[in-house]
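A short write-up of the structure that comes next.
Letters A, B, ... mirror the listed sequences (proteins, then strands); counts begin at 1. Fair warning: this is a prediction, and the values are worked out from it, not measured in the lab.
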2 protein chains.
Amino acid sequence: MNESVIGIDLGGTNLKGIVMERDGSGRHLTRVPTEAEKGGGRVLENIMGLIDALVVKEGSKEHILGIGIGTPGFVSDDGVVSAAGNLPGWAGTRLYEPIAARFGLRAIAANDVTVMALAEASYGAGRGVRNMVCYALGTGIGGGIVIDHKLYKGTNGMAGELGHIPVETGGIPCNCGQRGCVERYASATGIAAMEREFSEAGPDAGASEFVREVRARPGAVTAKMVYGYVAKGDPVACAVNERVGDLLARAIGMTLNALAPDRVVLGGGVMMAGQVIIDTVNRFLPSYCWPMIREKCDIVAAALGEDAGVLGAGAMAFEECGRRL
Amino acid sequence: MNESVIGIDLGGTNLKGIVMERDGSGRHLTRVPTEAEKGGGRVLENIMGLIDALVVKEGSKEHILGIGIGTPGFVSDDGVVSAAGNLPGWAGTRLYEPIAARFGLRAIAANDVTVMALAEASYGAGRGVRNMVCYALGTGIGGGIVIDHKLYKGTNGMAGELGHIPVETGGIPCNCGQRGCVERYASATGIAAMEREFSEAGPDAGASEFVREVRARPGAVTAKMVYGYVAKGDPVACAVNERVGDLLARAIGMTLNALAPDRVVLGGGVMMAGQVIIDTVNRFLPSYCWPMIREKCDIVAAALGEDAGVLGAGAMAFEECGRRL
């Protein structure tokens with residue numbers, strides 16, 4: 001059988017696993033509950049159970065080179081998880097030894113968003129690109145940096161916190177302790193909050209259908225709704241998109257000036273809105289970075305969708321587990 | 001003879017060259033005029049003449065692996081210089097072919113500040129450190145990024161423009177087209193301008209000796225003078241240092257969140273002021289980056305002084321010219 005790896009994507013609700021070959025083709029995609037509420041020990045047991053199930057389906061582990069895992073939080077070089085706020089008891093878990101002990105296979109783990117960036121670089125919107133920066137615009141904003149086709153992890157796996165680039169001096173307080181982080185404006189949460197703010201600010205007379213809807217049920221606003229109304233030309237939704245594009249362009253501009261990547265990939269749920277976000281960012285970007293750097297870098301939408309996590313975990317396993325234990 | 005390289009540092013006034021061994025020990029340090037005002041062709045001829053002189057002093061080029069060159073501006077992968085504003089006619093110069101044709105040696109060039117960063121990583125304040133970010137606080141602010149002990153160049157050698165990280169929304173216009181770039185505040189030029197602004201703002205009564213001096217001869221203010229008066233406790237100079245430290249901490253914080261380096265090295269003429277700048281930055285930094293990332297990263301002063309350019313150029317030559325042409 002061809003050399004393969006196991007890719008695991010650890011989410012707050014579900015654990016996903018796959019057996020994958022070097023070209024990114026996968027088999028036995030399996031999904032089980034994470035059971036995060038039962039604590040870190042149970043989550044690790046569930047990961048081991050999932051690996052076991054995949055090995056059983058595969059019929060052998062002779063051709064499995066290693067196991068890649070994408071997880072919330074950071075992962076130190078020796079496989080200890082930290083800063084995984086939404087998984088109680090998960091921080092502090094040692095990932096590598098138990099997996100090696102039980103399966104005789106090397107495991108390698110990293111932040112889930114950085115792993116998605118590697119998936120895009122290996123099999124998606126960044127294929128063939130040497131240096132790439134990825135922004136995942138979801139509930140929050142995560143980032144990943146690929147340098148020389150490899151995932152750049154930084155000290156203790158902490159690189160790529162691009163959601164916490166400040167884009168407005170003295171701006172909205174962020175739960176990270178800073179103010180004006182791009183996550184507060186261009187994430188799904190940030191976009192919905194901005195729509196509420198903009199909708200409340202205008203006069204009652206002549207308020208659009210969407211503004212009236214937002215005022216009636218502010219808690220129900222989503223970024224998806226905002227971009228639905230951007231497509232219809234709603235003036236307030238369009239003003240929100242302009243501001244989001246401006247602020248996102250500031251963060252992207254800073255990464256361009258620092259890293260001069262060949263490509264920026266935008267992914268995450270917010271990017272369901274598609275090209276309009278890229279077009280808006282591209283209009284603002286010239287104000288926020290060196291023209292020569294921008295000319296050499298394009299901004300594109302992520303291509304892989306929700307399987308990016310397992311594919312990236314697998315790609316990382318190929319990158320780092322070339323040989324058996 | 002031990003394997004050696006030639007390192008060249010191209011400055012606006014002088015060309016410096018050295019023959020260097022892998023451990024960073026150099027010999028035949030030579031300085032000749034750049035003659036930038038005579039155009040790019042003459043500068044290239046002067047570089048070739050300097051290489052020739054070094055080879056003659058060495059007596060042989062059998063043991064020379066290659067030639068590293070640090071230059072203002074950017075250098076593309078195929079050795080073409082761009083964006084070298086202070087050297088008329090230098091942009092567009094093709095560096096590699098003429099050197100290969102004349103000496104049969106491979107040349108490799110990069111931005112002068114990024115090369116200094118590599119020198120610090122190889123032989124100075126970043127020795128042994130895997131991932132490092134360097135800020136050179138001079139007339140302007142340049143930067144360099146070392147990843148996995150290697151110089152990170154980015155597309156067309158344009159990475160590391162850390163002086164153009166915006167740190168103040170709608171701040172001072174920069175000649176790069178942005179506003180609020182850190183270079184406008186924490187470079188020697190920026191510090192002197194801030195001292196003038198702060199000195200003019202206060203009342204006449206009770207103005208300090210330094211404020212009176214600045215008001216009398218505003219054009220004579222330098223960053224060195226400001227930090228001389230910081231050491232004496234001058235209140236306005238100290239206020240300038242606070243503001244410089246705050247704004248520099250914002251830029252450093254962003255690079256920490258993005259790259260999670262093991263170390264940040266601060267160099268350039270402004271750092272003659274020494275530890276007071278590092279201490280001030282460290283006081284502000286907690287507001288501008290993730291605590292876990294900051295804990296793992298220290299900020300130190302550059303160690304190499306004015307020979308960092310030739311040493312870094314040599315280090316790059318060892319990095320990239322392992323074999324002969």
Side-chain angles (χ1 to χ4, degrees), chain A residues 73-74 76-77 82-83 111 129-133 143 145 147-148 150 152-171 176-182 247 250-251 253-263 286-297, chain B residues 73-74 76-77 82-83 111 129-133 143 145 147-148 150 152-171 176-182 247 250-251 253-263 286-297:
Chain A
F74 304 134
S76 68
D77 289 348
S82 60
N111 172 273
V129 163
R130 186 168 175 191
N131 302 313
M132 194 195 90
V133 171
I145 298 170
I147 286 181
D148 255 339
K150 283 194 205 149
Y152 172 68
K153 295 180 174 178
T155 303
N156 271 11
M158 298 186 291
E161 281 297 327
L162 307 181
H164 298 284
I165 293 178
V167 291
E168 183 90 323
T169 306
C176 78
Q178 297 187 87
R179 283 178 163 269
C181 291
V182 64
L247 293 161
R250 294 181 199 183
M254 273 177 236
T255 47
L256 259 62
N257 278 347
L259 296 172
D262 304 287
R263 187 167 292 169
S287 303
Y288 302 126
C289 65
W290 273 59
M292 283 184 63
I293 296 180
R294 185 174 54 84
E295 279 164 22
K296 293 287 178 187
C297 178
Chain B
F74 304 134
S76 68
D77 289 347
S82 59
N111 172 272
V129 163
R130 187 169 175 190
N131 302 312
M132 194 195 90
V133 172
I145 299 170
I147 286 182
D148 254 340
K150 282 194 206 151
Y152 172 67
K153 295 182 174 178
T155 302
N156 271 12
M158 298 185 290
E161 280 299 326
L162 307 181
H164 298 283
I165 293 179
V167 291
E168 182 90 324
T169 306
C176 78
Q178 296 187 86
R179 281 177 164 270
C181 292
V182 66
L247 292 161
R250 295 182 198 183
M254 274 178 236
T255 46
L256 259 61
N257 278 345
L259 295 172
D262 304 286
R263 186 167 293 171
S287 304
Y288 302 126
C289 65
W290 274 58
M292 285 184 62
I293 296 180
R294 186 175 53 85
E295 279 163 23
K296 293 287 178 187
C297 179

Open item on the list: Could you check whether any side-chain heavy atom of B/D148 comes within less than 4.5 Å of a side-chain heavy atom of A/Y152, counting everything from C-beta outward?
Closed with: no

Open item on the list: Quick check on A/D262 against chain B: is it the side chain, the backbone, both or neither that has a heavy atom closer than 4.5 Å?
Closed with: both

Task: Exam field: side chain A/N111 to backbone A/G73, donor-acceptor pair closer than 3.5 Å - done: yes

Task: Contacting region of A/I145 [heavy-atom separation from chain B under 4.5 Å] - done: side chain

Task: With sequence neighbours excluded, residues passing side-chain contact (heavy atoms from CB on, under 4.5 Å) with B/K150 - done: B/E319

Task: Per-residue contact mode, B/V133 against chain A (heavy atom under 4.5 angstrom) - done: neither

Open item on the list: What's the separation between atom CG in B/L256 and atom NE2 in A/H164, rounded to the nearest 0.5 Å?
Closed with: 14.0 Å

Open item on the list: To the nearest 0.5 Å, what is the distance between CH2 on A/W290 and CD on B/Q178?
Closed with: 10.0 Å

Open item on the list: Given heavy-atom pairs under 4.5 angstrom as the criterion, report whether the side chain, backbone, both or neither of B/Y288 touches chain A.
Closed with: both

TODO: Could you have a look at B/P286, B/C181, B/P166, B/G143 and say which one has the most heavy-atom pairs with chain A under 4.5 angstrom?
DONE: B/P166

- [ ] Go through the atoms of B/C297 and report whether side chain, backbone, both or neither lie under 4.5 Å from a heavy atom of chain A.
- [x] neither

TODO: Can you sort out the partners of A/R294 under side chain to side chain donor-acceptor pair (under 3.5 Å), two or more places apart, ordered by chain and number?
DONE: none

Task: Portion of B/N257 that has a non-hydrogen atom of chain A nearer than 4.5 angstrom - done: both

Open item on the list: At a 4.5 Å cut-off on heavy atoms, which part of B/L259 comes close to chain A: side chain, backbone, both, or neither?
Closed with: both

TODO: Could you check B/V182 against B/R250 for side chain to side chain contact (heavy atoms under 4.5 Å, CB included), going step by step and ending with a plain yes or no?
DONE: CA-CA 8 Å; B/V182 66; B/R250 295 182 198 183; over 6 Å; no

Open item on the list: For the interface with chain A, which of B/G177, B/G171, B/A159, B/G154 has the highest count of heavy-atom pairs at distances below 4.5 Å?
Closed with: B/A159

Task: chain A contact via B/M254 - which portion, at a heavy-atom distance below 4.5 Å - done: side chain

